[in-house]
Protein chains: 2
Amino acid sequence: MSEVLPFHAQHLKAACSNCSVLELCLPIGLNGAEVERLDTLIVQRVKVKKGTALYRTGDPLRSLYAVRIGSFKTSMLSVDGREQVTGFHIPGEMLGLDAISADEHACNAFALEDSEVCPIHFAHLEKLAQNLPSLQHNLNRLLSREIVRDHSMLMLMGNMNSDERLAAFLLNLSQRLSIRGYSSKDFVLKMRREEIGSYLGLRLETICRGIAHLRDQGLVEISGRNVRIQNMDGLKQLLAGCHRSPR
Amino acid sequence: MSEVLPFHAQHLKAACSNCSVLELCLPIGLNGAEVERLDTLIVQRVKVKKGTALYRTGDPLRSLYAVRIGSFKTSMLSVDGREQVTGFHIPGEMLGLDAISADEHACNAFALEDSEVCPIHFAHLEKLAQNLPSLQHNLNRLLSREIVRDHSMLMLMGNMNSDERLAAFLLNLSQRLSIRGYSSKDFVLKMRREEIGSYLGLRLETICRGIAHLRDQGLVEISGRNVRIQNMDGLKQLLAGCHRSPR
DNA sequence: CGAGAAGTTGACGGCGCTCAATGTGGGTGG
DNA sequence: CCACCCACATTGAGCGCCGTCAACTTCTCG
């Protein structure tokens, strides 16, 4: 197909305007002219190889990063070196929001596969946002949405048992993939069991057992990292009454 | 002492300029002229009686609220009506940040005692922030700080046992009170055991037992809601190696 | 002063953690 | 291309922390 495009299309500067996750990312709701001004901030996209860090705790905040291709985990290290995964991030999602607080990154970001991000120089972003109210509003909303997401995680950690947490995790991932045009029923987990466990406040063995339970109920089929959701409604019902004791 | 003030001081319009938590709140780092412009947003302070809601889940976002006097809990309700406390808020802290995401409040805010807040009309705030870069930056930082705080809570929920969580809770509260000029060693809990438990992902009985454990170790003395920290360093050491298994 | 709410403590059981053995798949080098 | 290797995943056995239930005490407030 590429031959129908003018050759120089291959050399177009990295830009939001021609990005596949335009409508999910920072530019949400911006008009054409506004997106073009945002484009001036994206100097060049950056590739991140599987397993390598995009940034680490303590690194000074230079840019926020929009995931373009691939996926990331963000994690904090406890005093004794234990890892706590704080999030998984797929295309169209923003990395580094927690760094604004103290001008340095408060977590690590690792690529779960070969990936690509759009660095957005934060000082420039703030400056541009002064003149683009809708961009500023988007940034506020992005930050607020992360807070809402974290509160849901707290509720998950505080109120759900292991099977419910796993079901919630799978449904959430399914939905986010679906929005991006991927199948909501068939997808591949890019992270290890241990990382899922850390994210959900469980041990990796408990994740394995949870997978077995969901399989035994005919809700999902998971072999290795391949997921097939067989009974979406059943999974959702598992969460409908997420509680420890009936009544 | 009030007689040395001109009488009309009692009638001063509600304003950040003369607020006791000025340097902890939204105006951090703003200069005099900037604070005066921020003042124009605070139409009038609002009193909230103990046990009543400042806002509830689903209420449209009109204002953010800065706590001026007293304290609040924020909480979400799960599908089956179980409460998850997402935070406790004392003077100088902001309420309602999670509402920016969807223009409606994502949690409930209840006063834990007779309290007073400064409503900050959000649309006006965004408008003013366009012209006051440092105000905008403060808002960004406030939002980001909340994200960092939530991530610490996730780490607490994922990696700490019950006694460690309780110690972390007490130390955190102690530190925040200390910054506001209160004693870091003697203070009063404004919330019930059940609310502490919900916040920490534990049952109220477990909180009671945790209190007994800390008491038996001579770290704190808690009778009813009165807390006296007897060994601050000991408490901190309890957290220094926050883990499930030694090694 | 009385009644209801909040807090404390004990007994007991279950969920999820720990430890350990085994299975499996992807990547590398001969 | 295959064999090997190592990281990752799975499953079982046993146990400990914390949840549940219950009885009782203390506090709060009208």
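Every value quoted in this text rests on a predicted model; they were computed, and no experiment measured them. Chain naming here is simple, since letters A, B, ... match the order of the sequence lines and numbering starts at 1 in each.
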query = Taking the side chain of A:Thr206 as its heavy atoms from C-beta onward, which of C:dG16, C:dT18, D:dA9 lies nearest to it?
reply = C:dG16

note = Contacts of A:Tyr199 meeting ring-ring contact (aromatic ring centres under 6.0 Å, His included) (sequence neighbours excluded), chain-then-number -> A:Phe88

task = Could you tell me whether the side chain of B:Thr86 and the main chain of B:Thr74 form a donor-acceptor pair under 3.5 Å?
result = yes

remark   = Of the candidates D:dC18, C:dT8, D:dG19, the side chain of B:Ile211 sits closest to C:dT8

task = Consider the side chain of A:Arg209, meaning its heavy atoms from C-beta on, and name the nucleotide among C:dG16, D:dT20, D:dA13 that approaches it most closely.
result = D:dA13

request  = Enumerate the residue pairs fulfilling ring-ring contact (aromatic ring centres under 6.0 Å, His included) with a member in residues 200-233 of chain A, sequence neighbours excluded, ordered by first and then second residue.
outcome  = none

message = If the cut-off is 4.0 Å, is A:Arg215 near the phosphate of D:dT11, judged by side-chain N/O to OP1 or OP2?
response = yes

inquiry  = Please report the end-to-end axis angle for the helix from C:dC1-D:dG30 to C:dG30-D:dC1, five pairs per end, rounded to 10 degrees.
reply    = 50°

query = Contact class for B:Leu204 (heavy atom, under 4.0 Å): base, sugar-phosphate, or nothing?
reply = base

request  = Determine, for nucleotides 22-30 of chain D in 5'-to-3' order, which nucleotides have protein heavy atoms under 4.0 Å from the base (write B), from only the sugar-phosphate (write S), or from neither (write -).
outcome  = -------S-

query = Would A:Glu205 and A:Arg203 pass as an ion pair if we require N to O under 4.0 Å?
reply = no

request  = Could you identify which residues of residues 186-194 of chain B place a heavy atom less than 4.0 Å from some atom of DNA chain C, listed by residue number, or say none?
outcome  = B:Arg192, B:Arg193

inquiry  = Which residue is it: B:Lys50, B:Glu113, B:Glu93? I am looking for the one with a side chain to side chain donor-acceptor pair (under 3.5 Å) to B:Ser71.
reply    = B:Glu113

message = Can you list everything that forms a ring-ring contact (aromatic ring centres under 6.0 Å, His included) with A:His105? Sequence neighbours excluded, please.
response = A:Tyr55

query = Should the pair A:Glu195-A:Lys73 be classified as a salt bridge under the 4.0 Å nitrogen-to-oxygen rule?
reply = yes

